[in-house]
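A short write-up of the structure that comes next.
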Amino acid sequence: MPTESGSWAAARQTKQKRKSHSLSIKRTNSSEQDRPGLQREMLEGQDSKLPSSVRNTLLELFGQIEREFENLYLENLELRREIDTLNDRLAVEGQAIDGAELSKGQMKTKASHSTSQLSQKLKTTYKASTSKIVSSFKTTTSRAICQLVKDYVGHRDGLWDVSVTRTQPVVLGTASADHTALLWSIETGKCLIKYVGHAGSVNSIKFHPTEQIALTASGDQTAHIWRYMVQLPTPQPTADTSQISGEEEVDFSDKDENDGDGDASSDCPTVRVPLTALKSHQGVVIAADWLVGGKQAVTASWDRTANLYDVETSELVHSLTGHDQELTHCCTHPTQRLVVTSSRDTTFRLWDFRDPSIHSVNVFQGHTDTVTSAVFTVGDNVVSGSDDRTVKVWDLKNMRSPIATIRTDSAINRISVSVGQRIIALPHDNRQVRLFDMSGVRLARLPRSNRQGHRRMVCCCAWSEDHPTCNLFTCGFDRQAIGWNINIPALLQEK
């Protein structure tokens with residue numbers, strides 16, 4: 001049996017010593033658990049304008065800070081003892097080598113090397129501890145600014161797209177891989193309409209600018225235009241989910257997923273036949289949108305083309321060709337006859353239909369992977385997101401290079417830009433949703449905990465300017481959509 005070397009045995013003893021020291025720290029902390037309670041009692045008699053819940057949260061955070069710094073202080077003392085012990089050992093060993101003393105320069109070099117290693121370890125420990133404290137503050141702030149209001153559960157498969165009507169009554173629409181599109185009451189979370197006219201995955205949903213008409217794109221190689229009539233139910237009081245506690249980054253097991261029984265949509269009215277079907281594509285129709293005014297619609301397909309249709313006659317007006325690979329998204333300008341299409345060929349193209357006689361095209365090159373979406377802002381900007389984990393903001397008047405670039409840690413899916421405040425919402429493959437301003441400054445991340453947020457890839461975001469409670473909606477492949485309340489003034493003030 002191999003024997004341990006002297007250095008290995010010493011390292012093992014040091015590791016055991018640190019482990020016993022860690023246990024002693026835990027015992028010390030456990031004996032002082034009543035300290036936050038004592039602080040709370042001392043502060044109860046003081047005048048304060050803060051609500052009791054906020055005061056309790058602050059007390060807990062300050063208690064955590066105190067415990068963290070106590071641990072750092074104790075570990076600092078232990079490290080100093082180790083440094084002293086090491087220096088003594090080096091002095092003894094220096095006297096024993098060949099019966100002669102080491103020079104002061106050699107002794108200083110060895111001691112300095114060991115001290116620098118321990119100093120680096122102390123710095124690492126300090127950074128790790130303080131990062132936990134800062135993370136606690138960020139979590140509390142994020143939850144105060146971004147609150148989950150309602151979730152919308154009823155689909156049998158993942159959701160690809162989410163959209164909000166631009167006319168009254170304001171309702172939510174979701175498009176799913178289960179071949180259906182559902183319309184929801186934003187206040188109650190109840191399904192209002194179920195569209196079952198497609199024979200394939202419903203990949204996108206957009207609402208007519210002035211009428212109760214929806215446009216859906218599907219894997220059955222068609223886009224459908226269909227009419228809906230909804231009557232909103234009376235809102236019922238709901239529990240406040242903003243106070244739900246739990247650590248961020250909690251993973252979910254498969255048993256937490258929705259069973260997919262479809263009970264939420266089983267008793268709602270069903271629309272089976274469209275007003276018209278747009279059938280000119282030879283591949284999956286991945287997205288569709290209305291041009292300004294609602295008299296024309298554009299579709300994007302995996303057959304590498306985008307088609308422009310006359311809504312009244314269903315006739316093909318233009319076939320937009322030029323992309324080298326499958327299209328991933330299309331979007332129209334809110335006030336001008338402009339269309340932008342995204343593709344797996346790492347580009348997106350701007351199509352100009354403001355002159356009826358001709359349509360010009362401009363190609364934007366700046367990404368290194370699939371462009372998953374590109375959307376217009378109210379002004380002269382386009383925001384593009386990509387699987388290369390970047391988002392770029394472009395000026396339509398100068399298309400040579402982006403005016404801002406946002407770098408993230410995960411691929412980006414269908415993004416959305418708020419009309420009023422020009423805040424970019426980024427849905428990620430890693431289940432996160434982040435908010436940035438147009439200059440690329442990160443504003444917030446939507447909270448994720450054991451009871452909030454998406455459990456799977458977030459596919460799409462959609463801002464709503466017309467609803468008083470929910471102003472941002474997200475959907476993902478965990479079969480649900482979520483309505484959020486984003487306190488935009490507080491968000492911008494935090495920036």
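Side chains are part of it too, since the values below use all heavy atoms of this structure and drop only hydrogens, waters and symmetry mates. What you see is a predicted model; the values in this text were computed from it and never measured.
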I'd like to know whether Thr474 forms a side chain to side chain contact (heavy atoms under 4.5 Å, CB included) with Leu446, so could you lay out the CA-CA distance, the side-chain angles of the two residues, the decisive distance to 0.1 Å, and finally the verdict. CA-CA 10 Å; Thr474 60; Leu446 300 193; 4.3 Å; yes

Is Ser176 close to Val202 at the side-chain level, that is, under 4.5 Å between some pair of heavy atoms?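 They are not in contact (no side-chain heavy atoms under 4.5 Å apart), so the answer is no.
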
Does a side-chain heavy-atom distance below 4.5 Å link Phe62 with Ile65?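 Phe62 reaches Ile65 side chain to side chain.
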
Ring pair (Phe, Tyr, Trp, His ring centres under 6.0 Å) contacts in which one or both residues fall within residues 422-442, not counting sequence neighbours: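 Every pair satisfying ring pair (Phe, Tyr, Trp, His ring centres under 6.0 Å) with a residue in residues 422-442: there are none.
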
Just checking, any donor-acceptor pair under 3.5 angstrom between side chains of [X] and [Y]?
| X | Y | answer |
| --- | --- | --- |
| Gln296 | Arg337 | yes |
| His198 | Thr216 | yes |
| Gln432 | Asn430 | no |

Could you work out, with side chain to side chain donor-acceptor pair (under 3.5 Å) as the rule, every residue matching Asp289, not counting sequence neighbours?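 Result, side chain to side chain donor-acceptor pair (under 3.5 Å) vs Asp289: Thr332.
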
Counting N and O atoms only, with roles assigned by atom type, does the side chain of Thr408 sit under 3.5 Å from a partner on the main chain of Thr390, one being a donor and the other an acceptor?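 Pair absent, no side-chain N/O of Thr408 close to backbone of Thr390.
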
Taking the six-membered ring for Trp, are [X] and [Y] ring centroids under 6.0 Å apart?
| X | Y | result |
| --- | --- | --- |
| Trp484 | Phe473 | no |
| Phe477 | Trp160 | yes |
| His155 | Tyr152 | no |

Arg414 vs Cys459, test: side chain to side chain contact (heavy atoms under 4.5 Å, CB included). Steps then yes/no. CA-CA 6 Å; Arg414 294 182 176 178; Cys459 298; over 6 Å; no

